[in-house]
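Worksheet: one structure, shown below.
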Amino acid sequence: MPELPEVETVRRGLGPILEGALIERVELRRPNLRFPFPDDFAARLTGRTVVALGRRAKYLIADLDDSTVLVMHLGMSGSFRILAGAAAGGGTDTTETPGDFHLPRGKSTAHDHVVFHLRTPADGCARIVYNDPRRFGFMTLVERAAFDAHPLMRDIGIEPLGNLFGAGALAEVFAGKTAPLKAALLDQKLIAGLGNIYVCEALWRAELSPTRAAGTIAAGRGARARAEALAASIRSVLQEAIAAGGSTLRDHVQASGELGYFQHRFNVYDREGEACLRPGCGGVVERLTQSGRSTFWCPTCQK
DNA sequence: CTCCGCTCCTGCCGGC
DNA sequence: TGCCGGCAGGAGCGGA
């Protein structure tokens, strides 16, 4: 589920705990998530210090002090929670800790698959727990030198919040594409980090139909204006979502330690049958299926 | 090459 | 109340 803003929010939440922390021990509660963990995964992490926590597309990237990189993806249902201070201290039993009394509603420890036991400069003991009911997430280790050429990384498209992103970049990657705009925006090889929700939201904001050919952003009458509107919408939708995540982060970390999900009402996503929220539009939000996924849009104002 | 549909897994929700 | 089908925020793969 987590798209770029959620992953970025997780990064900002985990960063202060993880950066500079020594990994004292790693508990693996099962041999695989979506993919098997690498051989000796826990052993290779033990004794390492995390140098920095970054993000590329929807991947969390933890740089370690031995020039390896821990790559983590949350899939559809992955989340982390932080047990710091007293909740993390002492003992080897991780199924019953004070922190678990504050589990978010509906969460259970049944899907806690990985526990990182940390020694942090600031707090002493801390644990970071990875929970993932559907197990579409995964973790792997990559040599820093081979990182950019790694199959997971090498084909990832442009970062929508980076300096290189804009109308020109959109036009470049969409040129000649006959695929629906919705599908092209979801393609991680073209643009990194967008998922179903924020694609719907960005298209609504830009007043563009999800069904038009992606190439019409790059060429034809009005293409430049469409590209400008779409680029601006993508940026603003993501930035606002990150800001919203940041504001929920404080509450969340204090209350339960959970990171990885924040829910707020969207303008068009999951609003089938409701009135379009654009002032003066008067349309109704519809739902259609594209590439097997739900698209929510307003046919009245999105052209 | 491009595009589409299928697939992995569990949880939840609505309908009967 | 309980069961069942459908759907869910991702993305790699095979096949057309």
Side-chain angles (χ1 to χ4, degrees), chain A residues 1-10 29-37 55-60 71-80 103-114 130-140 150-157 160 173-204 210-215 218 234 237-238 241-242 244-245 248 258-273 287-296:
Chain A
M1 82 139 89
E3 304 183 28
L4 187 154
E6 289 78 18
V7 178
E8 178 61 22
T9 299
V10 172
R29 305 238 175 116
R30 49 176 305 121
N32 64 296
L33 293 171
R34 179 172 184 183
F35 307 118
F37 288 99
R55 180 191 59 76
R56 173 80 170 105
K58 299 171 192 170
Y59 292 92
L60 287 167
V71 177
M72 298 177 281
H73 195 291
L74 303 177
M76 294 269 266
S77 59
S79 66
F80 287 96
L103 269 175
R105 243 180 105 72
K107 288 272 175 178
S108 98
T109 58
H111 302 293
D112 288 350
H113 303 309
V114 186
Y130 179 70
N131 180 288
D132 188 356
R134 290 177 74 178
R135 304 203 301 273
F136 285 178
F138 60 93
M139 299 184 187
T140 193
H150 192 278
L152 289 173
M153 295 295 142
R154 68 182 176 209
D155 296 323
I156 293 178
V173 296
F174 286 173
K177 297 234 174 287
T178 58
L181 186 51
K182 164 83 185 303
L185 287 167
L186 281 175
D187 187 343
Q188 303 298 298
K189 294 180 171 60
L190 302 178
I191 303 174
L194 296 180
N196 206 34
I197 291 178
Y198 294 107
V199 165
C200 291
E201 294 296 308
L203 286 170
W204 179 84
T211 63
R212 69 160 52 242
I234 290 169
V237 160
L238 296 178
I242 290 170
T248 63
E258 151 142 310
L259 294 167
Y261 232 118
F262 55 92
Q263 189 67 269
H264 49 108
R265 266 314 242 164
F266 302 103
N267 285 316
V268 70
Y269 183 82
D270 205 23
R271 285 187 181 271
E272 182 184 16
R287 171 197 191 123
L288 62 92
T289 299
Q290 294 179 287
S291 329
R293 318 211 40 204
S294 288
T295 298
F296 297 89

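So you know, we letter chains A, B, ... as the sequences are listed, proteins then strands, and number each from 1.
- One finds a side-chain N or O of A:Ser294 lying less than 4.0 angstrom from the OP1 or OP2 phosphate oxygen of C:dA8.
- Without hydrogens or angle criteria, A:Gln290 side chain to A:Pro180 main chain gives no donor-acceptor distance under 3.5 Å.
- When the C1' atom of C:dG10 is taken as reference, atom CD1 of A:Ile156 falls 13 Å away, rounded to whole Å.
- Nucleotide B:dC9 holds its P atom 9 Å from the CG atom of A:Asn32, rounded to whole Å.
- Nucleotide B:dC1 has no partner under the Watson-Crick or G-U criteria, as no pair reaches both atom distances under 3.5 Å.
- Residue contacts for A:Arg34: at a heavy-atom cut-off of 4.0 Å it reaches a base atom on one of the strands shown.
- A:His73 has its NE2 atom 8 Å from the P atom of C:dG10, to the nearest Å.
- Here C:dC4 sits opposite B:dG14 as a Watson-Crick or G-U wobble pair (both hydrogen-bonding atom distances under 3.5 Å).
- Not one side-chain nitrogen or oxygen of A:Arg134 sits closer than 4.0 Å to the OP1 or OP2 atom of C:dA11.
- For the P atom pair drawn from C:dG6 and B:dC6, the interatomic distance equals 13 Å after rounding to whole Å.
- The listed nucleotides are B:dC4, B:dG11, C:dG10; the one nearest the side chain of A:Glu3 is C:dG10.
- In this structure, CG of A:Leu185 is placed 16 Å from C1' of C:dA11, rounded to the nearest angstrom.
- No aromatic stack links A:Phe136 and the base of C:dA11, using centre distance under 5.5 Å and interplanar angle under 30°.
- With the nearest nucleotide of DNA chain B identified for both A:Gly292 and A:Ala110, A:Gly292 has the one nearer the 5' end.
- For A:Pro133, the listed nucleotide lying nearest its side chain is B:dG11; candidates were B:dG11, C:dG9, B:dC3.
- Taking side-chain N and O atoms only, A:Arg293 has a distance below 4.0 Å to OP1 or OP2 of C:dG9.
- In this structure, the side chain of A:Glu258 does not engage the main chain of A:Phe80 through any donor-acceptor pair within 3.5 Å.
- Nucleic acid contact for A:Tyr198: none, since no nucleic acid atom lies under 4.0 Å from a heavy atom of the residue.
- At B:dG11, one or more side-chain N or O atoms of A:His111 fall inside 4.0 Å of OP1 or OP2 (strictly under the cut-off).
- Rounding to the nearest 0.5 angstrom, the gap separating the OH atom in A:Tyr198 from the CG atom in A:Leu4 is 9.5 Å.
- For the atom pair A:Ile191 CD1 and A:Phe174 CZ, the distance stands at 4.0 Å (nearest 0.5 Å).
- Across the protein-nucleic acid pair, A:Leu186 atom CG and B:dG5 atom P stand 14 Å apart, rounded to whole Å.
- Across all strands shown, A:Tyr59 has heavy atoms under 4.0 Å from sugar-phosphate atoms exclusively, and none from any base.
- Look at CG on A:Leu288: it is 14 Å from P on C:dC7, rounded to the nearest Å.
- Between the CD1 atom of A:Ile191 and the C1' atom of C:dA11 there is a distance of 16 Å, given to the nearest Å.
- When each of C:dC7, B:dC9, C:dG9 is scored by its nearest atom to the side-chain atoms of A:Met76, the top-ranked nucleotide is C:dG9.
- Looking only at distances, a side-chain donor or acceptor of A:Lys58 sits under 3.5 Å from a matching main-chain atom of A:Leu194.
- Taking every side-chain heavy atom of A:Thr178 into account, B:dC3 is the closest of B:dC3, C:dA11, C:dG10.
- Nearest-nucleotide mapping onto DNA chain B: of A:Gln290 and A:Lys177, the residue sitting toward the 5' end is A:Lys177.
- Using cut-offs of 30° and 60° for the angle between ring planes, the A:Phe138 and A:His73 rings count as parallel.
- Rounding to whole angstrom units, CZ of residue A:Phe174 and C1' of B:dT2 are separated by 15 Å.
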